Amino acid sequence: MVNKQQNYEEFLQVHDFLLTATGLPKSLYPELFNKLSNETFDGGNFFTIDPSSYNGLQRCLLFTSEFMPKHSNVFLVDHAWSFRLSDAPTQLEEVPGLTERMASLMCVDIDQDAQDEFTPDDLSDKNEKASLEEILETEICRANKSSDDGIKWLELEELDVDDNKLLALALPSRCPNLVALSLLGNKINKTETILDEISKLKHLRALWLTDNPCLENWPSDVEESILQAFPKLEVLNSRFTRNYGEWALGFCGEIYGKDYPGSDEDRQYQNVTSLDLSDRHIHYLNTKAFSPIKFQNLMSVNLCGNPLEKHSTDELLEILRRFPSLNSLEVDIPGPLGESAPEILKSLPSLLLLNGVKASKISDNEECVVDSTFQPRLPEWNPDDSLADRVLNAMWLYLMTYRLADEEKIDETSVWYVMDELGSALRHSDEPNFRVAPFLYMRDGNLSSAISFTVLWPTQDIRKGDECTRDFLFGIGEDKQRSSRLTAWFHTQKNYFMNAYERRLQKLQLKRVSSPLMNSITPSSLLHHQNPLRVYTDIPHVQDFLTGPEFAITSEPKEADIIWTCMQVDEESKKAVGIRDDQYINQFPLEACLVMKHHLADTMQQAHGTPEWLQPTYDLERHLAELIGDFYAHGTPEWLQPTYDLERHLAELIGDFYVRQRDGLDNLWILKPWNMARTIDTTITSNLSAIIRLMETGPKICQKYIEHPALFRGKKFDLRYIVLVRSMNPLELFLCDVFWARLSNNPYSLDKRSLYEYETHFIVMNYRGTLNHMQTPEFVREFEQEHQVKWRDIQERIKTMIKSVFEAAIAVHPEMHSPKSRAIYGIDVMLDASLYPKLLEVTYCPDCTRACQYDSASLFSEEELRGHDFFNTVFGCLFLNETKFVTRL
């Protein structure tokens, strides 16, 4: 029998820290205690779920009582589904009713193939029954009833109009006053037909010819010919011509259209308050037409996607300043108006909104580009997707997370959960009226009895009919890329992100240079004033296996010639332990630039730009905007793609993701914590929302996944190389002649479900699964037979890459050199399908030695092990200048 807590005081004592973490006002603590004790879920008395948003693909939560003051009540929200990420597919398959409930909650149980009563097919049938001639006569009769000038706007779209049919229509004689003509989606082959026939329409202002064969071989000078033939043409295929003027602006201002085509005498521009000029291919602003005199009440302008290169930035800003009512602007950032949002706001101080964001929210250090005014991301699925696959794809729009570690902190993977139907109906707002927070209720006073809930309370006064909202990114401001992170839930502005990505890519490409030069510094050599050399170490494997007569283990750091330690040696630790400057240590200053994943990518990019052996990698904490741009932009050859540290390059990663999705390219990414081992919190996904949401479980890099690796016996593998560093400047590197070949346990697959299978996509099996590795000679022999190659060719490429890694480190961080430093690093390498190496990571000395000494036989054959082991090789090379079993790089 469970012994529940008996009183409020005990509740406060047990949950003090958890209550503080929620942010719940203390005045609501008693009410929360009462509802937890009695398991009271009374949200249904105050709220209702409206399922009608966006054609049933999203729900919202409405308040149904008369009034509720802020901080006056607290509600319990149950968790409908809690799981660790790798277990999600299995739970959906095995837990009865779970898939159906989640599909309904996430609005993915709708039959996507269902059609309305009236469908495009019905329209096609109707058009087949009516001849092209009949359609035209109907349009002419309709126009004649409303105007003495006859038809002015004609849409003949997707009617199989070819050159002969177009000529037979005799449009110039029957519709001489046409202002706009759309022939979109027809079968016109010859540009001569357009020039000879349509050019007779002397009043034509807009012409659409998109999706006609004649455009496929459109001569470079035909547009010039069209503009000469159509002296009044202002819009061609939705783009402004150089002749654009007041009519084109009025068309974008929605005062001209099919119902009211307009004429030269019309002067309705004073009614325009908003102009959407985005993606009109505008090279210059026609100030005679785009004038504050004509557009007296213009309040909002969208200039995104236009080159505007025929103006200087100052000229553009001056043009916009002339509009007295302009208070909202959308523009590419960086772009023609400036490099940053704060810079534009300083030049246009009257703006209240910039790219949909309140000017008051944009500080000198912020480039806020998106907010919840953008259209929400709605769940999408392919018709052949199972219900479970739909859920796995859509869940990132609903998930929340927390992390629990056991007493030994071995399992640090995060728990993800979906709130129940009520909680999941809360939509986002930048100015929410409710707040939510996860809460663990330990009714017996210990973690084993904990039940997870989410608590919900009003932060504003609420009235009947109000929508209840929460901030999906509560506590996250622009200093943490708030606007870019909203891309997980909203369709954000493409051009901003594309420009950010392309700028970064150009910068990296400029760094594709030869290896940097270094100032040669002669390293001091070890003084052989006594034998054996005394070694102090806190690493058990070194104590047990360093058996050479040249070395002796000492328990006193002060007595040692060599300090071989797993702790980070800095000035404070030197003083605490008593390490002297004349003692050798097993680490180099600033080696974090190699052994921390985000620093490694940054170091390589600073030195080499985009080397072919470095996968695109983004630091999500810094560069989210660039990532989104890479996603939206054009596809880039894999060898030319950058590497991104998730804590800094999230924006670039999103951009890279968008690219592959749009162009049908592989768009699979792997997210890795900055500095965790054993693949903890490592995820493979092709879901952009998932990539952004996974930032919530800690700082990460997001790296382009190698979708097509070289395989061995049909399985994925990597290679652990051991590099010994005697000196950083001059660079003295040695490579162990043997390496550790590590194989996954399952055959490789890119099936979506396999991405959750650890033993298919991951290789480090020391901690999970069955260890699967091979000795070097056996692996090389079988690999050469399977792939019909010479391993020495592959090995040379790997050695060149490894040398480039350390050349980059000392070039970017010359302060790494220390004459009293020696070190060993593990280099993890994977081969792509073309058998070219890809750098995975560089491992810190103690981690590397633990992994390698896990089983000496995995590195050396029996013959090599006679009178020899791993640590004797390492210490002999680093301190005695021996070169047995190693190769100089």
Side-chain angles (χ1 to χ4, degrees), residues 119-147 149-245 247-248 251-252 256-259 261-263 279-281:
T119 68
D121 291 337
D122 298 325
L123 181 60
S124 299
D125 293 341
K126 178 180 178 181
N127 288 339
E128 287 176 5
K129 295 174 184 177
S131 68
L132 183 61
E133 182 69 26
E134 290 172 336
I135 294 173
L136 180 58
E137 286 299 329
T138 301
E139 291 292 330
I140 292 174
C141 292
R142 183 183 302 163
N144 287 336
K145 291 180 181 178
S146 59
S147 171
D149 296 331
I151 189 169
K152 289 188 174 183
W153 194 292
L154 181 61
E155 296 177 1
L156 300 175
E157 300 177 352
E158 298 181 350
L159 295 172
D160 293 334
V161 177
D162 58 18
D163 297 72
N164 293 331
K165 289 180 181 179
L166 181 60
L167 293 173
L169 289 175
L171 292 179
S173 60
R174 301 169 71 181
C175 310
N177 296 317
L178 268 182
V179 173
L181 172 63
S182 176
L183 295 168
L184 183 149
N186 284 295
K187 298 181 178 180
I188 302 170
N189 281 289
K190 300 177 181 178
T191 55
E192 293 82 359
T193 305
I194 302 298
L195 293 174
D196 295 343
E197 181 69 7
I198 306 303
S199 62
K200 299 173 185 176
L201 298 167
K202 298 303 181 183
H203 301 284
L204 204 63
R205 304 279 190 147
L207 175 63
W208 287 272
L209 298 169
T210 311
D211 294 333
N212 276 278
C214 63
L215 292 188
E216 295 178 4
N217 299 309
W218 193 284
S220 58
D221 61 345
V222 76
E223 186 167 339
E224 183 65 29
S225 300
I226 284 182
L227 293 181
Q228 292 177 2
F230 298 87
K232 292 187 177 182
L233 193 68
E234 300 186 29
V235 178
L236 177 60
N237 296 332
S238 294
R239 295 163 60 167
F240 283 12
T241 73
R242 68 164 185 268
N243 297 332
Y244 87 91
W247 188 91
F251 168 68
C252 292
Y256 298 148
K258 185 173 184 178
D259 294 334
S263 66
D279 299 309
R280 294 292 179 181
H281 202 62

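Keep in mind that what you see is a predicted model, and the values were worked out from it rather than measured. FYI, side chains are in, hydrogens and waters are out, and symmetry mates aren't considered; it's all heavy atoms of this structure.
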Practice problem: Please test Leu156 against Leu169 for side-chain contact (heavy atoms from CB on, under 4.5 Å), starting from the C-alpha separation and ending with a verdict. | Solution: CA-CA 11 Å; Leu156 300 175; Leu169 289 175; 3.9 Å; yes

Exercise. Take Ile188 and Ile194 through the side-chain contact (heavy atoms from CB on, under 4.5 Å) test and state the conclusion after the steps.
Key: CA-CA 9 Å; Ile188 302 170; Ile194 302 298; 4.1 Å; yes

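- The distance from atom CD1 of Ile151 to atom CG of Leu178, rounded to the nearest 0.5 Å, is 6.0 Å.
- Taking 4.5 Å as the limit, some side-chain heavy atom of Leu233 sits within range of a side-chain heavy atom of Leu207.
- A side-chain donor-acceptor contact under 3.5 Å links Asp163 to the backbone of Asn189.
- Note: Phe240 and Tyr244 have tilted aromatic rings, judged against thresholds of 30 and 60 degrees for the angle between ring planes.
- The minimum heavy-atom distance between Glu234 and Ala248, with the atom names listed, is OE1-N, 2.8 Å.
- Partners of Asp160 under the salt bridge (charged side-chain N to carboxylate O under 4.0 Å, His left out) rule, at least two apart in sequence or in another chain, are Lys187.
- Taking the six-membered ring for Trp and thresholds of 30 and 60 degrees, Trp208 and Trp153 have ring planes inclined between 30 and 60 degrees apart.
- Minimum interatomic distance between Pro261 and Trp247 (heavy atoms only, all atoms of both residues): O-NE1, 2.9 Å.
- Judged purely by atom type and a 3.5 angstrom limit, Asp211 has no side-chain atom pairing as donor or acceptor with the backbone of Gly185.
- In this structure, CG in Leu227 is found 7.0 Å from CG in Leu236, a value given to the nearest 0.5 Å.
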Practice problem: Decide side-chain contact (heavy atoms from CB on, under 4.5 Å) for Leu171 and Leu166; before the verdict, give the C-alpha distance in whole Å, the side-chain angles of both, and the deciding distance to 0.1 Å. | Solution: CA-CA 8 Å; Leu171 292 179; Leu166 181 60; 4.1 Å; yes

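- If you take NE2 on His203 and CG on Asn177, they are separated by 5.0 Å, rounding to the nearest 0.5 Å.
- Here the closest non-hydrogen pair linking Arg205 and Lys232 is CD-O, 3.5 Å.
- Heavy atoms only, all atoms of each residue included: Ala170 and Ser173 are closest at O-OG, 3.0 Å.
- Here the side chains of Leu181 and Leu201 are in contact, with some heavy-atom distance below 4.5 Å.
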Exercise. Could you check Ser182 against Glu157 for side-chain hydrogen bond (donor to acceptor under 3.5 Å, both in side chains), going step by step and ending with a plain yes or no?
Key: CA-CA 6 Å; Ser182 176; Glu157 300 177 352; 2.6 Å; yes

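- The CZ atom of Arg174 sits 10.0 Å away from atom CG of Leu154, with the distance rounded to the nearest 0.5 Å.
- The two atoms that bring Ser238 and Arg280 nearest to each other are O-NH1, 2.6 Å, heavy atoms only.
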Exercise. Might you work through the side-chain contact (heavy atoms from CB on, under 4.5 Å) test for Thr241 and Phe230, ending with a clear yes or no?
Key: CA-CA 11 Å; Thr241 73; Phe230 298 87; over 6 Å; no

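- Note that CG of Leu195 and CD of Gln228 are 10.0 Å apart. Values are rounded to the nearest 0.5 Å.
- The distance from the CG atom of Asp162 to the SG atom of Cys214 is 12.0 Å, given to the nearest 0.5 Å.
- Using modelled atom types, one side-chain atom of Asn212 and one backbone atom of Leu209 make a donor-acceptor pair closer than 3.5 Å.
- Scanning all heavy atoms of the two residues, the minimum distance from Pro172 to Glu197 falls at CD-OE2, 3.2 Å.
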